[in-house]
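Structure, as structure tokens:
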Amino acid sequence: MEAFGEDHILSGNLGRAMVEGYQKGENGKLSNDGVAACLKHFAAYGAPIGGKDYNTVDMSMREFFDYYGKPYEETLKGKPRFVMSSFNTFNGIPVTASEEMMQDILRDKYGFDDLVISDWGAVAELQNHRVAGNGKEAAVLGLKAGIDIEMVSTLYFENGKEILEENPELLNVIDHSVLKVLELKNDLGLFENPYVNEDAENDVLLNQKFIEFARESAKKSCVLLKNEGNALPIKLEHKKVVVVGPFAKTNELLGNWMCKGRFEDVVSLEKGLKNVRPDADIAAYESLSDCPKEVLQNCDYVLVAIGEDWQLSGEGHSSVNLELEDSQKELIREVKKLNKPYSCVLFTGRPLALESIINDIPSLLLCWFPGTQAGNAVADLVFGEASPSGKLTMSFPRHSAQAPIYYNEYNSGRPANDSSYSSRYQDIESGALFPFGHGLTYTNAKYLDFKISSNKITETENIKISFKVENPSSYVHTEIAVLYIEDLVSKVCRPIREMKKYSVVDVPAGDSKTIEFELSLEDLKYLDNSLKPQIERGDFNIYINDMKEKVFSFVY
């Protein structure tokens with residue numbers, strides 16, 4: 001719930017969009033109703049060893065610049081006014097003390113020239129890293145690295161006079177930081193009006209227009225992971241619906257870091273189902289034992305509401321176990337024994353390992369934590385008022401021990417196969433249970449009429465790939481089309497597949513839309529071991545969405 005996913009292009013695009021949306025100005029300028037955006041956490045905070053928050057990060061510079069650094073590089077094009085240094089070490093040096101990361105990379109290579117703020121207490125924590133023996137040494141390291149603002153800890157303030165007496169050259173550093181702070185305050189208009197108009201909150205928070213946006217975005221965020229026998233949507237003739245599980249009645253659906261969000265403003269699943277289908281008989285219970293036998297016997301359909309409590313995901317909540325609780329697995333199996341039509345909705349802030357229970361779930365709608373309009377949005381989907389359209393930005397492992405797992409892994413000398421002497425776990429099927437880009441719909445949309453402008457790409461001629469998306473259903477369908485490439489031979493190992501383009505297109509009911517992608521030589525670049533961009537001549541394959549077979553091949 002604190003990341004955009006496992007693809008660097010997607011993460012960078014979404015990060016840049018957030019910066020521009022918050023600041024609402026061009027080239028780093030702030031509009032009157034904009035706020036200063038902070039890009040965090042720089043850098044590679046999402047790659048700690050063992051998936052343990054705050055842990056050491058250790059990777060090659062090629063991996064960083066070609067992959068982990070890319071989302072920062074793209075987001076910085078939106079000109080955020082802040083960058084936050086991360087807690088972690090990077091190749092042996094805490095980032096908050098790293099002149100290489102904060103000066104050579106962030107400022108010189110990526111061109112960021114605004115404010116850097118430490119993460120919460122990160123300057124003081126340099127002592128825990130044991131790169132500083134006391135608070136004064138930690139403050140000096142932070143200043144030299146280019147940390148303009150020390151968040152929470154006060155080592156700059158406590159040791160500043162003595163530091164400047166011993167290091168007078170740092171006065172220029174401090175002056176430069178202070179100037180940037182004053183410039184930002186000036187851009188925000190704080191000298192003319194240092195106070196917030198608190199009444200303006202009433203015009204913004206829970207504004208009806210924003211509530212409608214919240215409902216729509218929640219619907220588009222949900223992902224239909226499985227739908228055997230079209231168990232979803234719930235049919236009109238199913239008038240008596242029992243909703244059961246720990247998420248049937250709760251309004252705690254905001255997720256972690258909810259800021260000013262209030263549970264009392266959240267529409268629960270029970271409430272949403274009743275809002276969307278007022279003519280149905282909706283009965284909600286937290287467990288089967290709470291449900292009267294006659295209600296269970298007479299119901300037409302059972303909707304099982306499962307997931308993880310919101311407090312189990314987010315910063316500082318790393319876990320070795322990504323499974324559903326045993327009690328929830330047992331609930332699903334007990335519902336299965338009823339021989340009633342049923343499906344599951346899943347609330348979670350992170351991918352879960354569902355291999356042990358997925359065969360007992362005919363249909364599964366992943367809802368994440370959808371926010372204030374949670375119940376209404378999920379009800380729209382399960383009752384078929386709208387079709388799910390979301391696709392996974394993160395792969396779901398089969399088992400907890402598979403993590404980290406991601407679609408764009410490198411080729412191996414012994415790719416996974418039935419042999420025990422191949423790159424696989426021997427006790428589970430290879431690959432993710434639900435991979436990046438997976439997502440079903442109710443529409444039975446079809447891709448057809450594939451065309452490519454040429455099977456050769458050159459310095460002067462790009463190639464264009466087009467196809468039609470046909471929507472035979474009665475839904476207005478939002479299709480997310482993804483194009484991947486596969487570099488067949490290169491001097492360094494390349495990912496099995498790499499997403500290069502994606503497009504989101506609304507296709508009217510009973511109609512079709514043409515989607516077109518264009519690939520240039522820029523899309524084929526990668527960094528070699530000396531960190532120089534390379535484009536190698538050779539063959540490439542193109543894949544669309546989760547198609548197993550290539551759609552086209554081309555050569556450069």
Side-chain angles (χ1 to χ4, degrees), residues 5-7 9-10 223-228 358 389-398 405-419 422-424 428-441 443-457 462-472 477 479-490 493-505 507 512-520 523-524 526 536-556:
E6 63 196 45
D7 184 89
I9 293 175
L10 178 64
V223 184
L224 185 59
L225 297 178
K226 183 179 179 181
N227 200 21
E228 285 185 357
I358 194 63
S389 61
K391 294 187 183 297
L392 290 181
T393 62
M394 302 181 185
S395 299
F396 272 50
R398 298 177 182 277
I405 186 170
Y406 39 91
Y407 86 93
N408 44 3
E409 63 182 0
Y410 292 130
N411 286 292
S412 162
R414 293 189 173 186
N417 56 49
D418 292 337
S419 166
S422 66
S423 182
R424 56 166 295 178
I428 58 170
E429 188 178 337
S430 295
L433 181 61
F434 298 112
F436 175 92
H438 175 75
L440 308 175
T441 75
T443 65
N444 294 318
K446 298 178 181 178
Y447 284 26
L448 43 91
D449 199 16
F450 287 91
K451 296 177 182 177
I452 188 169
S453 61
S454 172
N455 65 355
K456 189 172 184 179
I457 190 170
N462 298 341
I463 58 174
K464 295 180 180 179
I465 302 95
S466 66
F467 49 89
K468 284 184 178 179
V469 179
E470 188 178 80
N471 174 17
H477 172 53
E479 179 63 27
I480 302 173
V482 183
L483 181 148
Y484 303 89
I485 69 165
E486 177 188 20
D487 189 349
L488 295 184
V489 178
S490 57
C493 286
R494 305 292 297 128
I496 294 172
R497 287 191 188 186
E498 299 174 82
M499 184 183 79
K500 288 297 179 180
K501 304 289 179 178
Y502 60 89
S503 180
V504 183
V505 178
V507 186
S512 65
K513 281 284 185 74
T514 297
I515 294 177
E516 185 174 282
F517 292 121
E518 186 169 350
L519 287 174
S520 68
D523 295 311
L524 309 186
Y526 69 89
E536 286 186 62
R537 297 186 182 276
D539 296 323
F540 298 81
N541 288 336
I542 293 174
Y543 300 84
I544 302 295
N545 286 15
D546 55 358
M547 295 179 180
K548 302 299 182 186
E549 300 298 324
K550 64 186 180 184
V551 179
F552 294 112
S553 295
F554 68 94
V555 64
Y556 165 59

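As a basis for the values below, the full set of heavy atoms in this structure was taken, side chains included, without hydrogen atoms, waters or symmetry mates.
Under the 4.5 Å side-chain criterion, counting only non-hydrogen atoms from C-beta, L392 is in contact with L225. Put simply, the side chain of D7 reaches to within 4.5 Å of the side chain of Y407, judged on heavy atoms. Residues I463 and F552 fail the side-chain proximity criterion, which asks for heavy atoms closer than 4.5 Å. Contact annotation: the side chain of Y447 approaches that of N545 to within less than 4.5 Å [non-hydrogen atoms, C-beta and beyond]. Two residues are said to be in side-chain contact when any heavy atoms from C-beta on lie closer than 4.5 Å; H438 and F396 fail this criterion.
Residue A481 comes nearest to F467 through the heavy atom pair CB-CZ, 3.9 Å, listed as atom of the first residue, atom of the second, then distance. Scanning both residues, L524 and I485, for their nearest heavy atoms gives CD2-CD1, 3.9 Å. When all heavy atoms are compared, the tightest approach of N408 to P495 is O-CB, 3.5 Å. Among all heavy-atom pairs drawn from A416 and S422, the shortest one is CA-OG, 3.8 Å. What you find for E518 and N462 is that their closest heavy atoms are OE2-ND2, 2.8 Å. When all heavy atoms are compared, the tightest approach of I428 to R398 is CD1-CB, 4.2 Å.
A ring pair (Phe, Tyr, Trp, His ring centres under 6.0 Å) with F540 holds for exactly one of Y484, F554, Y556; it is F554. For the pairing with K501, the side chain to side chain contact (heavy atoms under 4.5 Å, CB included) check across I544, D523, I542 returns one residue only, D523.
The backbone N or O of N411 lies less than 3.5 Å from no partner atom in the side chain of R494, so there is not a single donor-acceptor pair. Looking only at distances, a side-chain donor or acceptor of K226 sits under 3.5 Å from a matching main-chain atom of I358. When atom types are taken as modelled, the side chain of N471 and the backbone of V507 share a donor-acceptor pair closer than 3.5 angstrom. A distance-only check finds a donor-acceptor pair linking the side chain of E6 to the backbone of S395 [under 3.5 Å].
To the nearest 0.5 Å, the span separating CD on E470 from CG on L448 amounts to 5.0 Å. Note that CD of E479 is 7.0 Å distant from OG1 of T441, once rounded to the nearest 0.5 Å. Distance check: K550 NZ to R497 CZ gives 12.0 Å after rounding to the nearest 0.5 Å. Here the NZ atom belonging to K500 is positioned 10.5 Å from the CG atom belonging to L483, to the nearest 0.5 angstrom. Residue E536 holds its CD atom at 11.5 Å from CG of L488, rounded to the nearest 0.5 Å. Note that OG of S454 is 11.5 Å distant from CG of L519, once rounded to the nearest 0.5 Å.
Remark: the Y543 side chain and the E486 side chain contain an N/O donor-acceptor pair separated by less than 3.5 Å.
Annotation for N417: atom CG counts as buried by contact number, over 12 foreign heavy atoms lying within 6.0 Å.
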